[in-house]
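Both ligands and their constituent atoms are indexed starting at 1 by order of listing.
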Amino acid sequence: MSIKTGIMGGTFDPIHYGHLLLAEECRSRLNIDRIVFVPTGSPPHKRNRRVTSAEDRYAMTLLATAGVLNYSVSRTEVDRRQPSHTVDTLREFIAGGVAPEDLFFITGLDAILDIATWVDYKLLPKLCTLVTACRPGYPVEGIEALPQEVRENLKLVEIPQFAISSTEIRERARGGRSIRFLVPHLVEIYIESNGLYK
Ligand code: ATP
Ligand code: MG
């Protein structure tokens with residue numbers, strides 16, 4: 001019997017409490033045993049802006065999850081030389097012994113709505129269960145338009161709305177505004193002491 005593994009992919013530039021809340025709600029609602037954060041190496045969807053180095057994003061993800069029971073961070077996409085593709089990451093976890101029925105890929109709704117642009121997206125429902133979050137009381141617009149194989153495989157978890165994004169945090173940091181309580185304390189310190197987003 002393999003343990004239920006939830007993969008939380010993202011650019012994490014920087015990681016914030018919206019990411020952590022999404023992962024935690026999915027973990028507890030679906031009885032997932034462990035959450036693995038997988039920061040992207042070179043994100044295929046974000047070539048239009050300069051992304052912070054993979055090592056800095058990996059370090060911040062480590063700082064955000066250090067000491068959190070059943071949470072860990074994987075270097076797999078950071079160390080990959082090619083652009084990061086979810087399908088490759090899922091295959092690696094399966095090769096490592098996680099059965100597809102015990103593998104969950106967690107994304108926000110905005111990300112899943114782009115899924116038809118991901119490499120080999122039709123394979124994803126065969127490799128894992130796709131999990132996405134909706135906000136309480138909000139219509140899940142766009143879900144009906146997803147490809148059928150994705151829609152049939154998708155699990156929706158309701159999470160409290162926390163309307164923060166990495167974009168907003170970078171803008172705040174650039175403008176010298178507070179990011180306290182939007183990111184874990186150690187991430188805030190890391191951003192400040194390394195002069196990120198200035
Ligand atoms: P950016 O503003 O640079 O796009 P982001 O905040 O969207 O950053 P990503 O690293 O792009 O962060 O997102 C990783 C995953 O986390 C995506 O699936 C995204 O939908 C989800 N996510 C991001 N912010 C939130 C939030 N506040 N609540 C729930 N899910 C979120
Ligand atoms: Mg985003």
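- When only interatomic distances are considered, the shortest N/O to N/O separation between Gly108 and ligand 1 falls below 3.5 Å.
- Close approach of ligand 1 to Ala111 (heavy-atom distance below 4.0 Å) involves ligand atoms 18 (O).
- With ligand atoms numbered from 1 in the order given, ligand 1 contributes 21 (C), 30 (N) to contacts under 4.0 Å with heavy atoms of Leu22.
- Looking at Thr11 next to ligand 1, an N or O pair under 3.5 Å apart turns up.
- Listed by number with element, the atoms of ligand 1 under 4.0 angstrom from any heavy atom of Gly9 are 14 (C), 15 (C).
- Note: no N/O pair closer than 3.5 Å links Thr107 and ligand 1 by distance alone.
- Between Leu103 and Thr129 the shortest side-chain heavy-atom distance does not fall below 4.5 Å.
- At a heavy-atom cutoff of 4.0 Å, ligand 1 is contacted by the side chain of Arg170 but not by its backbone.
- Nearest to atom 26 (C) of ligand 1 by heavy-atom distance, out of Phe37, Phe162, Phe12, is Phe162.
- If you chain together hydrophobic residues whose side chains sit under 4.5 Å apart, Ile115 and Leu22 never meet in one group.
- Inter-residue side-chain proximity for Leu123 and Arg91 is flagged as met; some heavy-atom pair is nearer than 4.5 Å.
- A heavy-atom distance below 4.5 Å is found between the side chains of Ile143 and Leu156.
- A salt bridge is absent between Lys198 and Glu192; no separation between the charged side-chain nitrogens and carboxylate oxygens falls under 4.0 Å.
- Leu186 pairs by the side chain to side chain contact (heavy atoms under 4.5 Å, CB included) definition with Leu63, not counting sequence neighbours.
- Within ligand 1, counting atoms from 1 as listed, the ones closer than 4.0 Å to a heavy atom of Gly10 are 10 (O), 14 (C).
- Contacts classified as ring-ring contact (aromatic ring centres under 6.0 Å, His included) and involving residues 55-77 (residues at least two apart or in different chains) are given here: Phe37-Tyr71.
- Within the 4.0 Å heavy-atom shell around ligand 1 one does not find Glu168.
- Atom numbering of ligand 1 starts at 1 in the shown order; those under 4.0 Å from a heavy atom of Asp110 are 19 (C), 20 (O).
- Both Ile169 and Met60 sit in one connected hydrophobic cluster of ILVMFWY residues. Membership requires side-chain heavy atoms under 4.5 Å apart, directly or through other members.
- Near Ser165, the atoms of ligand 1 lying under 4.0 angstrom from a non-hydrogen atom of the residue are 2 (O), 6 (O).
- With contacts defined as side-chain heavy-atom distances shorter than 4.5 Å, the pair Arg170/Ser165 does not qualify.
- With a heavy-atom cut-off of 4.0 Å, Met8 touches ligand 1 through its side chain alone.
- Listed by number with element, the atoms of ligand 1 under 4.0 angstrom from any heavy atom of Gly18 are 26 (C), 27 (N), 28 (N), 29 (C).
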